[in-house]
Amino acid sequence: SSGINAEYGGKMTAPSVKWYQKDSFIGLIVQVVEPKKDSVKVEVTEKSIHFVAETNSDKKEFTLTFHKKIDPNRYNVKIKDRRIKIIIAKADDCKEEWSRLTPDKHRWLKFDVDSVDLTDEETIAARKLEDAKRKLEAEHGPLPQDTKIKQLTNMLNPDDLSRDIEEAEKEMYDMLRNSYLTIYNSVVWLGYFYVFFVSLLRVALDGKAAIKTNYAVMSWLLRSCQQTVFLEIIHAATGLTKTSTLTTTLQVVGRAVVLFSVVDAEPELQTSLTCYLLMVAWSAVEVLRYPYYVVQIYDLYFPKLMWLRYTI
């Protein structure tokens, strides 16, 4: 670890250090058994602390670089038989809750879980502890108590707690987003597929007579699909999909105008071959488009589907 001086003649290691914070200060609890009081030295700058202490058997030393500034002129050191407590004031412009203590990781530096105020709503450290417990039990079953405590402690280094929580929240968001978009695209695809398949089937069974009645039979579902597609504007505007809001709006509104303002308004057009071909072509395009959207959600690649999506 950085800051450990290997030139000491005897055995030397970094001590176990726990940390906690309030808005106005940082607290360090250095685990040193029976330190020699005269050997304890603490050097503080506005961004770091260097600690040295000797015991009867070895020397303890570490250096920490802080995430934000501290006040090097305001700190206090209390020496006890088994630990040394250091309180350091945060700089005036950094008196807030820090997301981490140091930008670097140290195996010997842990967050002091006992310092968390559990009377508040569930805190980051408490959630992390419970998640760690469940993960260990799920993967390994019941563990020896000393092993469990050691592993949980190692998992509770809160230099990365905020990032862990952010990653977990992002994973949950992505899972919900992907599930919703998969269901949405599948439902709309089923609607357009029904329009496409039944339109072709009716002509195959009834011949030309089915062309004149096709819109009257299938228009309810075509309207429902088109009304549902207005959700895609919201998807784009809220970032659920990585598409242009303007482009999506023009496409959706353009098709809605054709369907509701042109075809619906002209009964004679509804019985024509033009209307029938429009319904078949329109639904055929959507039958290819929505499966392509689904595979894109999961970053899958199907060259033939992509070719059909952008060719037809």
Side-chain angles (χ1 to χ4, degrees), residues 173-312:
Y173 169 80
D174 288 342
M175 182 187 71
L176 294 175
R177 167 188 172 275
N178 293 347
S179 299
Y180 165 74
L181 290 178
T182 300
I183 294 171
Y184 166 80
N185 288 314
S186 300
V187 169
V188 178
W189 177 84
L190 284 172
Y192 280 117
F193 178 79
Y194 186 85
V195 172
F196 175 74
F197 179 77
V198 173
S199 295
L200 294 179
L201 182 63
R202 294 184 72 250
V203 171
L205 295 177
D206 301 334
K208 293 182 180 180
I211 293 177
K212 293 184 177 182
T213 60
N214 193 66
Y215 186 82
V217 173
M218 303 303 302
S219 61
W220 69 271
L221 184 54
L222 189 63
R223 290 192 197 98
S224 298
C225 289
Q226 184 57 43
Q227 289 167 345
T228 304
V229 167
F230 273 93
L231 287 172
E232 294 179 17
I233 299 175
I234 299 175
H235 297 168
T238 58
L240 278 176
T241 56
K242 299 177 182 179
T243 54
S244 167
T245 304
L246 177 60
T247 301
T248 303
T249 302
L250 292 175
Q251 291 175 344
V252 172
V253 172
R255 291 188 177 189
V257 169
V258 171
L259 179 60
F260 297 115
S261 299
V262 178
V263 179
D264 265 359
E266 295 291 338
E268 292 183 4
L269 180 61
Q270 297 169 13
T271 60
S272 67
L273 177 62
T274 300
C275 181
Y276 174 81
L277 293 177
L278 176 64
M279 291 181 65
V280 172
W282 189 340
S283 57
V285 170
E286 305 296 45
V287 164
L288 294 173
R289 184 162 72 101
Y290 285 98
Y292 175 77
Y293 286 165
V294 171
V295 299
Q296 287 293 103
I297 292 171
Y298 300 98
D299 294 324
L300 302 176
Y301 177 66
F302 294 92
K304 291 183 179 179
L305 181 60
M306 179 178 288
W307 182 84
L308 289 171
R309 162 73 178 91
Y310 290 104
T311 302
I312 296 180

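Not measured: the values here are computed from a predicted model.
Residue pairs satisfying the salt bridge (charged side-chain N to carboxylate O under 4.0 Å, His left out) criterion with at least one member in residues 192-212, sequence neighbours excluded, are absent.
Looking at every heavy atom in both residues, Ala284 comes nearest to Phe196 through CB-CE1, 3.6 Å. Among all heavy-atom pairs drawn from Val229 and Tyr184, the shortest one is CA-OH, 3.4 Å. For the residue pair Thr182 and Ile297, the shortest heavy atom distance occurs at N-CD1, 3.8 Å. Between Leu240 and Leu181, the closest heavy-atom pair is O-CD1, 3.6 Å. Of all the heavy atoms in Leu269 and Cys275, the pair that sits closest is O-CB, 3.0 Å. When all heavy atoms of Val280 and Ser199 are compared, the closest pair comes out as CG2-CB, 4.0 Å.
The number of heavy-atom neighbours closer than 6.0 Å to OH of Tyr194, taken from other residues, nucleotides and ligands shown, is 12 or below.
Atom CG in Asn178 sits 9.0 Å away from atom OH in Tyr173 (nearest 0.5 Å). With rounding to the nearest 0.5 angstrom, the CD atom of Gln226 is 12.0 Å from the CG atom of Leu221. Here OG1 of Thr271 is found 10.5 Å from CD1 of Ile211. Values are rounded to the nearest 0.5 Å. Rounding to the nearest 0.5 angstrom, the gap separating the CZ atom in Arg223 from the SG atom in Cys225 is 12.0 Å. How far CE of Met279 is from CG of Leu222: 5.0 Å, rounded to the nearest 0.5 Å. Atoms CG and CG, from Leu190 and Asn185 in turn, are 11.0 Å apart once rounded to the nearest 0.5 Å.
Using a 4.5 Å heavy-atom threshold, the side chains of Ile233 and Phe230 count as touching. In this structure the side chain of Tyr215 reaches within 4.5 angstrom of the side chain of Asp264, judged on heavy atoms. Proximity of Tyr292 to Gln296: side-chain heavy atoms (C-beta onward) are separated by under 4.5 Å at one or more points. Side-chain contact check for Glu232 versus His235: some heavy-atom pair is nearer than 4.5 Å. Counting heavy atoms from C-beta outward, Val295 and Leu305 have side chains that approach closer than 4.5 Å.
Ring planes of Tyr290 and Tyr192: parallel class, angle under 30° (limits at 30 and 60°).
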Cut-off 3.5 Å, no hydrogens considered: what does the side-chain donor-acceptor table look like for residues 252-263, sequence neighbours left out?
| residue | atom | partner | partner atom | Å |
| --- | --- | --- | --- | --- |
| Arg255 | NH1 | Glu286 | OE1 | 3.4 |
| Arg255 | NH1 | Glu286 | OE2 | 2.4 |

